[in-house]
Amino acid sequence: MSTNKIALITGGSRGLGKNMAIRLAEQGHDVIITYHANKEAADDVVAELAAKGAQAAALQLDVSDFNSLSAFLQDVAGMLQSKWSKDKFDFLINNAGIGATIPFEKVTENDFDRFMNVHFKSVYFLTQRALPMMNDKGRIINISTGTTRFCAPGYSVYASMKGAIEVFTRYVAKDVGARGITANVLAPGPIETDFNNAAIRNNPERKAVMASMTALGRVGQAADIGGIVAFLCSEDAGWISGQRIEASGGVNL
């Protein structure tokens, strides 16, 4: 039976979530990732984690479907029991998300509800319902965005939901502190992944403009983020709670 700590990462089959899973595995932890539709990509990540000596598993989760949360947590409980002979995990990383650039005047109620369900409602209630399944001295990490601090065209609905997450995280930190669990927000700046239809990667002009806005002179990569998550899950980060940590290369200073 493994004595490693176990992380649950939503949206772990690609991009930032995949890098978080890899870095946690490199720190000696086991990982459960979720995927929305691409089971093959998720299985590839599980194989990559296994090659690093971690026990890993992938579960399907559609965070836009609020009614699926209860069944998903039953799946998590079943996986913990069958693979690890445990009934609890240690780290919850709410990473799954969707991206879209929608001008404020064109945001529909449908868009609003979709972003709220994915980025706020599912995070709120998954956290609430997962807490009884978490060990004391665990970690909760929510993913926000640099655009809660500065404004980017077309991000009014996305950033508003992430702003709600930042307030929520402070309340969670207060509520779970007695159990020795920390809760923090990690807010990436512009990152070159396939998020939001690879909006940065597919647009060299936009990428160059964003790079010029950072103190370090480049846009971020997925590898810039995973190590921060691994640190926040470490013993060394045990005194950090209720904080918003921006990882943006010093954008818009």
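Judged as a ring pair (Phe, Tyr, Trp, His ring centres under 6.0 Å), and not counting sequence neighbours, F72 has no contacts. Scanning for side-chain hydrogen bond (donor to acceptor under 3.5 Å, both in side chains) contacts around D75 gives an empty result, with sequence neighbours left out.
The side-chain heavy atoms of M133 and V76, taken from C-beta on, include a pair separated by under 4.5 Å. Two residues are said to be in side-chain contact when any heavy atoms from C-beta on lie closer than 4.5 Å; R170 and Q243 fail this criterion. Considering only heavy atoms from C-beta on, T101 stays 4.5 Å or farther from P153 through its side chain. Side-chain contact between I225 and I191 is present, with at least one heavy-atom pair separated by less than 4.5 Å. Inter-residue side-chain proximity for T182 and I240 is flagged as unmet; no heavy-atom pair is nearer than 4.5 Å. Taking 4.5 Å as the limit, every side-chain heavy atom of I181 sits out of range of all side-chain heavy atoms of R139. Contact check for N94 versus I141: no side-chain heavy atoms found under the 4.5 Å cut-off. Residues L61 and H36 have side chains not in contact (no heavy-atom distance under 4.5 Å, counting atoms from C-beta outward).
Counting only distance, with no hydrogens or angles, the side chain of D30 and the backbone of A54 share no donor-acceptor pair below 3.5 Å. Side-chain atoms of Q81 do not come within 3.5 Å of backbone N or O of M79 as any donor-acceptor pair. Side chain of N19 to main chain of G226: a donor-acceptor pair is present (N/O by atom type, distance under 3.5 Å, no hydrogens or angles). A donor-acceptor contact shorter than 3.5 Å links the side chain of N38 to the backbone of A41. Of the possible donor and acceptor atoms, one in the side chain of N117 sits under 3.5 Å from a partner among the backbone N and O of D113. Between the side chain of N95 and the backbone N or O of I9, no donor-acceptor pair lies under 3.5 Å. Checked by atom type and distance alone, the side chain of D90 never pairs as donor or acceptor with a backbone atom of M134 at under 3.5 Å. S13 places no side-chain N or O within donor-acceptor distance of the main-chain N or O of A42, the cut-off being under 3.5 Å. Under the 3.5 Å distance criterion, the side-chain polar atoms of T34 are matched with a main-chain donor or acceptor of G11.
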Subject >> Evaluation steps, side-chain contact (heavy atoms from CB on, under 4.5 Å), between I6 and V31 >> reply: CA-CA 5 Å; I6 302 168; V31 184; over 6 Å; no
**OP:** Verify side-chain contact (heavy atoms from CB on, under 4.5 Å) between L232 and I245, making sure each step is shown before the conclusion.
**Re:** CA-CA 10 Å; L232 288 173; I245 298 162; 3.6 Å; yes
Subject >> side-chain contact (heavy atoms from CB on, under 4.5 Å) between E246 and V251, intermediate numbers included >> reply: CA-CA 10 Å; E246 185 172 308; V251 73; 3.9 Å; yes
Subject >> Audit row: R23, V229, side-chain contact (heavy atoms from CB on, under 4.5 Å) steps and yes/no >> reply: CA-CA 8 Å; R23 293 303 298 272; V229 168; over 6 Å; no
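Side-chain contact of S64 with D62: a donor-acceptor pair under 3.5 Å is present, judged by distance alone. There is a side-chain donor-acceptor pair under 3.5 Å between T169 and N142. Side chains of T148 and R244: a donor on one and an acceptor on the other come within 3.5 Å.
Separation of the F168 and Y171 ring centroids does not fall under the 6.0 Å cut-off.
Interatomic distance, CG of L8 versus CG of L80, reported as 8.5 Å (0.5 Å rounding). The distance from the CD1 atom of I32 to the CD atom of Q55 is 10.5 Å, given to the nearest 0.5 Å. Rounding to the nearest 0.5 Å places CG of D224 at 9.0 Å from CG of L216. Distance check, rounded to the nearest 0.5 Å: CD of E105 to OG of S156 gives 9.0 Å. Here the NZ-CD distance, from K5 to Q27, works out to 12.5 Å after rounding to the nearest 0.5 Å. Between M213 atom CE and M210 atom CE the span is 7.0 Å, to the nearest 0.5 Å.
Using a cutoff of 4.0 Å between basic side-chain nitrogens and carboxylate oxygens, R114 and E109 are not scored as salt-bridged. Using a cut-off of 4.0 Å between Lys/Arg side-chain N and Asp/Glu carboxylate O, R218 and E192 are scored as not salt-bridged.
The two residues A237 and F231 come nearest to each other via the heavy atoms CB-O, 3.1 Å. In this structure, A215 and L253 approach most closely via the heavy-atom pair CB-CD1, 3.9 Å. Minimum heavy-atom separation, I93 to M20: CG2-SD, 3.7 Å. Taking every heavy atom of both residues into account, C233 and F91 meet most closely at O-CZ, 3.4 Å. Scanning both residues, V46 and A56, for their nearest heavy atoms gives CG1-O, 3.7 Å. The two residues V118 and V63 come nearest to each other via the heavy atoms CG1-CG2, 3.7 Å.
Counting only residues at least two apart or on different chains, the salt bridge (Lys or Arg N to Asp or Glu O under 4.0 Å) pairs with a member in residues 171-188 are D136-R179.
Paired with F115 under the rule side chain to side chain contact (heavy atoms under 4.5 Å, CB included), one option of M161, K121, K162 passes, and it is M161.
Cluster annotation: Y35 and L59 are assigned to distinct hydrophobic clusters (Ile/Leu/Val/Met/Phe/Trp/Tyr, side-chain heavy-atom contacts under 4.5 Å, transitive). A single hydrophobic cluster is seen to contain both L92 and F125, as judged by linkage of ILVMFWY side chains at heavy-atom distances under 4.5 Å, directly or through other members. Under a hydrophobic-cluster definition in which Ile, Leu, Val, Met, Phe, Trp and Tyr are linked whenever side-chain heavy atoms come within less than 4.5 Å, directly or via other members, F150 and Y158 are assigned to different clusters.
Surrounding CZ of F120 are more than 12 heavy atoms belonging to other residues, nucleotides or ligands, all under 6.0 Å away.
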